[in-house]
Amino acid sequence: MKNISIIVAVAENNAIGKDNKLLWHISDDLKRFKKLTTGHIVIMGKKTFDSLPNGALPNRTNIVITDDINDRFEDCIMAYSIEDALDKSDDNKEIFIIGGGSIYKQFLKYANKLYLTKVHKSFEGDVFFPEIDINEWKLIEQVNFEPDDKTTFAYSYLIYKKLK
Ligand SMILES: NC(=O)c1ccc[n+]([C@@H]2O[C@H](COP(=O)([O-])OP(=O)(O)OC[C@H]3O[C@@H](n4cnc5c(N)ncnc54)[C@H](OP(=O)(O)O)[C@@H]3O)[C@@H](O)[C@H]2O)c1
């Protein structure tokens, strides 16, 4: 069985992005994202790839999903459907679904782990994380952070496992 994990940072109102950008900057969360995903596979939609400041994420297998068979991105494997992206993923590595909204929605049924950074504040967005059925998931880890000088809102790292 493939080891498929969704990793996402979500506002209180489920917003995850606006104008093809993230809605906040949480430096610790970005470091955690790097630490968790390095050495593994990251699968993303074309718009999320376009939003990356320096192209492919280093030291990870980058798989980008698009309908455009002429698109080629440096240091990336191109995939043309959800199934194609999974076929091109090495079963021995953790497969991280890193967004955006359309990709999370389509991969939700395949994922067995969810790394959710919950931001305890609502943001105006134009892309949202899909509703999850909480009965299908078991919370296995939770770490809470209070607002501080760098981050003016509270947030939590939640890890869920899919119930069989
Ligand atoms: N908060 C977070 O954790 C987080 C994480 C990642 C991204 N984001 C945000 O999410 C937003 C982007 O999300 P989005 O939903 O607009 O875009 P997206 O999911 O990143 O990319 C959408 C594109 O992916 C391709 N695609 C999607 N499903 C496909 C399929 N089944 N077959 C072939 N191609 C497929 C299409 O590309 P083509 O048009 O080329 O065919 C589509 O236009 C941004 O604001 C970004 O900052 C937030």
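Keep in mind that the numbers below use all heavy atoms, side chains included, and drop hydrogens, waters and symmetry copies. Counting starts at 1 for both ligands and their atoms, in listed order. Note that the structure is a prediction, hence the values are computed from the model and not measured.
- Phe73 and Phe49 have parallel rings, their planes meeting at less than 30° on a 0 to 90° scale where 60° marks the start of perpendicular.
- For ligand 1, the atoms closer than 4.0 angstrom to any heavy atom of Gly101 are 13 (O), 14 (P), 15 (O), 19 (O).
- Considering both main-chain and side-chain atoms, Asp126 never comes within under 3.5 Å of ligand 1 through any nitrogen or oxygen pair.
- Side-chain contact between Val8 and Leu116 is present, with at least one heavy-atom pair separated by less than 4.5 Å.
- Contact record, Ile7 with Phe96: CG2-CD2, 4.0 Å, taken as the closest heavy-atom pair.
- A salt bridge links Lys88 with Asp84: the closest approach of a Lys/Arg side-chain nitrogen to an acidic carboxylate oxygen falls below 4.0 angstrom.
- Residue Gly99 has at least one heavy-atom neighbour below 4.0 Å for each of these atoms of ligand 1: 6 (C), 20 (O).
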Point to revise | Thr37 vs Tyr115, side-chain contact (heavy atoms from CB on, under 4.5 Å): CA-CA, chis, key distance, verdict | key: CA-CA 11 Å; Thr37 57; Tyr115 297 86; over 6 Å; no
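- For atom 7 (C) of ligand 1, the nearest non-hydrogen atom of the protein is Thr48 OG1, 3.3 Å.
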Exercise for review: Test Phe145 against Val143 for side-chain contact (heavy atoms from CB on, under 4.5 Å), laying out the working first.
Suggested key: CA-CA 7 Å; Phe145 299 89; Val143 187; 3.8 Å; yes
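- Counted by atom type alone, Tyr110 and Glu83 present one or more donor-acceptor pairs between their side chains at under 3.5 Å.
- For atom 42 (C) of ligand 1, the nearest protein heavy atom is 4.0 Å or more away.
- Scanning the protein heavy atoms around atom 25 (C) of ligand 1, the nearest turns out to be Ile65 O, 3.2 Å.
- Of all heavy-atom pairs between Thr38 and Arg60, the closest is CA-CG, 3.7 Å.
- Of all atoms in ligand 1, numbered sequentially from 1 with element shown, those under 4.0 Å from a heavy atom of Lys18 are 45 (O).
- If you number the atoms of ligand 1 from 1 as listed, the ones under 4.0 Å from a heavy atom of Val127 come out as 11 (C), 13 (O), 15 (O), 16 (O).
- Closest protein heavy atom to atom 18 (P) of ligand 1: Gly100 N, 3.6 Å.
- Among all non-hydrogen protein atoms, the one lying nearest atom 32 (N) of ligand 1 is Tyr80 O, 3.5 Å.
- Among the atoms of Thr66, some N or O lies under 3.5 angstrom from an N or O of ligand 1.
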Exercise for review: Test Ile103 against Met44 for side-chain contact (heavy atoms from CB on, under 4.5 Å), laying out the working first.
Suggested key: CA-CA 7 Å; Ile103 293 298; Met44 71 198 95; 6.0 Å; no
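- Within the 4.0 Å heavy-atom cutoff, Tyr104 counts among the residues contacting ligand 1.
- When non-hydrogen atoms are compared, ligand 1 lies under 4.0 Å from the backbone of Ile98 (N, CA, C, O) but not from its side chain.
- The shortest contact between atom 33 (C) of ligand 1 and any protein heavy atom is with Asp67 OD1, 3.2 Å.
- When only non-hydrogen protein atoms are considered, atom 16 (O) of ligand 1 lies nearest to Lys47 CD, 3.5 Å.
- Selection from Gln106, Lys105, Met78, Lys46 by nearest heavy atom to atom 24 (O) of ligand 1 gives Lys46.
- Selection from Ile16, Asn20, Leu22 by nearest heavy atom to atom 44 (C) of ligand 1 gives Asn20.
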Point to revise | Test log, rule side chain to side chain donor-acceptor pair (under 3.5 Å), inputs Asn144 and Glu146 | key: CA-CA 7 Å; Asn144 299 323; Glu146 292 305 321; over 6 Å; no
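- Here the shortest heavy-atom distance to atom 15 (O) of ligand 1, taken over Gly17, Ser102, Ala9, Ala15, belongs to Ser102.
- Nearest heavy-atom pair across Lys46 and Thr66 is CB-CB, 4.2 Å.
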